Amino acid sequence: MATKPDNAGKAAAPLNEDELQDLVASSDTGARDPAGTAGFVIAAVALCWSLFQLYIASPLPYTLSGMTGLPLVLNDAQARAIHLAFGLFLAFMAFPALPSSPRDRIPVIDWVFALTAAACALYIFVFYRALAQRPGLPITQDLVVAGIGMVLLLEATRRALGPPLAIVAIVFLSYVFFGSSTVVPDIIRWGGASFSRAMDQMWLSPNGVFGVALGVSSAFVFLFVLFGSMLDRAGAGNFFIKLAFALLGHLRGGPAKAAVLSSMMTGLISGSSIANVVTTGTFTIPLMKRVGFTPEKAGSVEVASSVNGQIMPPVMGAAAFLMVEYVGISYLQVIKHAFLPAVVSYIALLYLVHLEAVKNDMPVLQKRQTHPALVALMRSGIVIASIIILVGIIYYAINFIKYALPDISAPVLMAALLVAYVALIWYAAKSPDLEMDDPNARVVELPIAVDVIKTGLHYLLPLFVLVWTLMVERKSPGLSAFYAVLLLIVIILTQKPLKALFRGLQSDEQRAALGEGINDLIVGLILGARNMIGIACATAAAGIIVGTVTLTGIGQVMAEFVEFLSGGNIFLILVFTALISLVLGMGLPTTANYIVVSSLMAPVIVELGASNGIIIPLIAAHMFVFYFGIMADVTPPVGLASFAAAAVSGGDPIKTGFTAFFYSLRTVLLPFIFVFNTDLLLINVGWFGAIWVTIQAIVAMLIFAAATQGFFMARNRLWESAALLLVTFMLLRPGFFLDLVQPPYLVTPPAQIFEAVKDEPADADIRFTIRGPNFDNPDRTTERTMAFNLGPEGETGEARFEAATGLAARIEDDRVILDEPFDMNSLAGKALSNLDFYADQPVEITAVEVSNEERMPREVFYIPAALLLALVMFMQRRRGGTLGGNPHAGRPRPAES
């Protein structure tokens, strides 16, 4: 439990610092921290795990293998086996079996479980070659190890993540064995599998536990989690919190705005929303309560901002790395598609808390330095312009060095980076180190931004290295994170000794500072590994679900079932998907939620969209699932981040969860919008278009925040909130209204299909109405409208048609006859699987619809949106409302001391 309940139904008293850290440990790193030999073993194994991950991510294995001739380079299967062995061992060692289990020691049975589970995972590593020589033919030894390993994996998952994921995995595993039972509904019934077949799929092959999800955890996620843990250990977390309060703390609702900004920045370094809530919330929540936020609202602001850290590029949650593999695009493209919705979401949350503060006439915290508004604006402009100029200079300087000195550019750039680091440490040494303030102090002094920035500029260097190698050098996410972690190791080891040197401290103090740096490095490596225990177990257990989908073919059955329930309505399909995510979100962590729902529903969204005349890019479907997956830590009654926030605020956790969900409505709205308006994901959008879409989206989401808060320039009347919601929809989805006025497609005679296909521009959409006899009932005719993207222009219409659709067509007497699809697993093959291509009545295309190029621009509907917005503003202005805030509030009042 996150709070200590006084009476049923009442909020509990806030937890103290030790209890909050225990809460984070229980959910992230493990509640056990025994002394003596057991504690040393846990720390040593965690340290070895981090060192192993750094080893396999580096070029070192290839160098050593080339020098020694030894097989020191591990393949994916071997690396995944060792990765899971570490995770399972630490899960049994660090997480007690029950709340009543001892935490100061490790029972003998847990030692046995830990060693056995690790041995079952390492079995794949040790006997890799033997298993490869008998695929699908496991021997008794293989099956015994796989069976024990599966049971221990489920138990480790229960300990590290709670019962929900383990229960879901057991349900899917039961379906594998008992899918042919009469208790299973006919629509999802299948033949069932033997124990040998199931264990081969789940444990002994790369299609289950050791599949893509665990591979992503091993190759990418660990290094990013380690990067965040070490950056926080270096002091960047406190730096970001201080900077956020220095920039925004003095504004109306300043603590809440600072909570949003600091949570966004610490979200870059923390893969855990719960840790993010506790880290920033222990400082922001008491200050929010001081200026007038209720405990539930203060906790909700922190939750809403913390969980969205997982969607904020460039360092996103673990699910983003899985998206790379599932969608088949680079991480850089994932960042591109995720960037605008994430930024818009945070800007809208800032405005939402501003409206909350203005609506309730909240006081402000006093700032030590004040400047006239014009001077402050000019200073901000100069700073932003200077940053842009500096970034440009650095960019062109690096490229010049690479061009002028191609053979030695790498060591020259490394030397320049180290010189820059030493210079920034020298600059930081002139100011005292940042210390976390007490939010409960009688008088809170907001820091000055310039003073804060001086102390932490060197923390930006690892982020610069990460972004540069990832986005400019186009290195893999794992290698980019490896280089960033290497720089962090240098920073952690040397920042304190260098500061001591530059401050003129004695040699013994410099040696003590070096010892602190070594200790910080070891602790950072250990915490990084312990933070990965839950993710390793989650990705492995979710592999059971993925393996079940692959083995049983339930994915296709789900598509038919969902289409039956929705009647082919894509909006209802999205609603069902969102509900599934939210229901699973009541117990599953974001990563596991994403794996489960994306495996079942993302392909269904794409298939059913195309089968019903709407093209939905695969990345849009996965982003939809991802966004609802992050609600896992918010959704009552089990949202862990809401419980953590309530533990800090002393508020009611259920009320906090519901309020946080209300504050996160923008996160619920955006996925429904970008599925239909893919411009928000910057798909096929140029620079000018991206700028325009950004402005449009920001304005729309600010209006949405005003509508949901019931306050814009003044308190909204009911019709005004409804009008603002309509304006939001018109700005984000103008094509909906244009479709009502002018059809998006024009009908072409079927016999002219190849001419129509050939004349369409690149990446044009085209729709076909396909009709034919039903496979199960040849006397019944089935008809459906399918949409396809034609891709690049082709030499002939026939070739382009076949490339885009995977179908072969021929024209007979002005009729377009279709042959059976080349690939029945393709989009067209699955959609048309219920048609009989060998009946007397042929399957034919009865209508061809091409894009209507003569339509007016959809942006024309911004005009009525602007007029409706102007009407609301005029009516509220008449009642005395202003854009700057509540006119009846008077001058901002300082918060009580």
Side-chain angles (χ1 to χ4, degrees), residues 1-24 26-27 241 245 249 253-260 262-263 266 272-309 349 352-357 359-363 365 438-441 444 585-586 630-665 667 708-710 895-896:
M1 291 293 292
T3 55
K4 298 177 292 185
D6 298 325
N7 294 298
K10 294 184 179 180
L15 302 185
N16 59 39
E17 181 65 23
D18 290 339
E19 290 170 321
L20 287 174
Q21 294 305 317
D22 183 67
L23 173 65
V24 176
S26 298
S27 61
I241 294 173
F245 267 89
K257 294 174 182 175
V260 174
S262 61
S263 293
T266 54
S272 167
S273 54
I274 298 169
N276 200 345
V277 166
V278 172
T279 301
T280 60
T282 50
F283 188 66
T284 60
I285 289 176
L287 290 179
M288 281 190 270
K289 291 167 63 178
R290 179 175 294 191
V291 298
F293 284 86
T294 65
E296 287 77 18
K297 287 187 176 181
S300 299
V301 170
E302 184 60 52
V303 171
S305 52
S306 292
V307 296
N308 272 24
L349 184 58
L352 186 147
V353 298
H354 169 76
L355 293 176
E356 186 75 48
K359 181 171 61 175
N360 294 287
D361 189 22
M362 293 181 182
L365 297 174
D438 181 7
N440 298 308
V444 177
M586 293 182 183
I630 69 170
M631 301 302 292
D633 289 333
V634 180
T635 311
V638 197
L640 296 180
S642 299
F643 275 80
V648 179
S649 69
D652 180 84
I654 301 299
K655 289 181 180 178
T656 300
F658 278 110
T659 307
F661 187 85
F662 177 75
Y663 283 167
S664 300
L665 284 178
T667 309
T708 55
Q709 279 297 101
E896 295 180 4

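Treat the numbers as computed from the prediction; the structure is a model and nothing was measured. Along the sequence shown, residues are numbered consecutively beginning with 1.
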Item checked: Partner set under salt bridge (Lys or Arg N to Asp or Glu O under 4.0 Å) for Lys297, not counting sequence neighbours -> Glu356

Where is the tightest heavy-atom contact between [X] and [Y], given as atom of each residue plus distance?
{"X": "Ala256", "Y": "Val353", "result": "CB-CB, 3.9 Å"}
{"X": "Ser305", "Y": "Ala259", "result": "OG-O, 3.7 Å"}
{"X": "Gly651", "Y": "Thr656", "result": "C-OG1, 4.5 Å"}
{"X": "Tyr663", "Y": "Leu352", "result": "CD2-CD2, 3.5 Å"}
{"X": "Ala645", "Y": "Gly299", "result": "CB-O, 3.5 Å"}
{"X": "Ile630", "Y": "Thr667", "result": "CD1-CG2, 3.8 Å"}

Next item on the list: Supply the atom-to-atom distance Leu665 CG to Leu349 CG, rounded to the nearest 0.5 angstrom.
Entry: 11.5 Å

Check: What is the distance from atom CG of Asp652 to atom OG of Ser642, rounded to the nearest 0.5 Å?
Finding: 10.5 Å

Next item on the list: May I ask you to test the Pro255-Thr284 pair for a side-chain heavy-atom distance under 4.5 Å?
Entry: no

Check: Do the non-hydrogen side-chain atoms of Lys289 and Pro295 ever get within less than 4.5 Å of each other?
Finding: yes

Notebook entry, point to check: ring-ring contact (aromatic ring centres under 6.0 Å, His included) with Phe245: which residues, sequence neighbours excluded?
Noted result: Phe283

Next item on the list: Show the numbers, then the answer: is there a side-chain contact (heavy atoms from CB on, under 4.5 Å) between Val260 and Lys257?
Entry: CA-CA 5 Å; Val260 174; Lys257 294 174 182 175; 5.7 Å; no

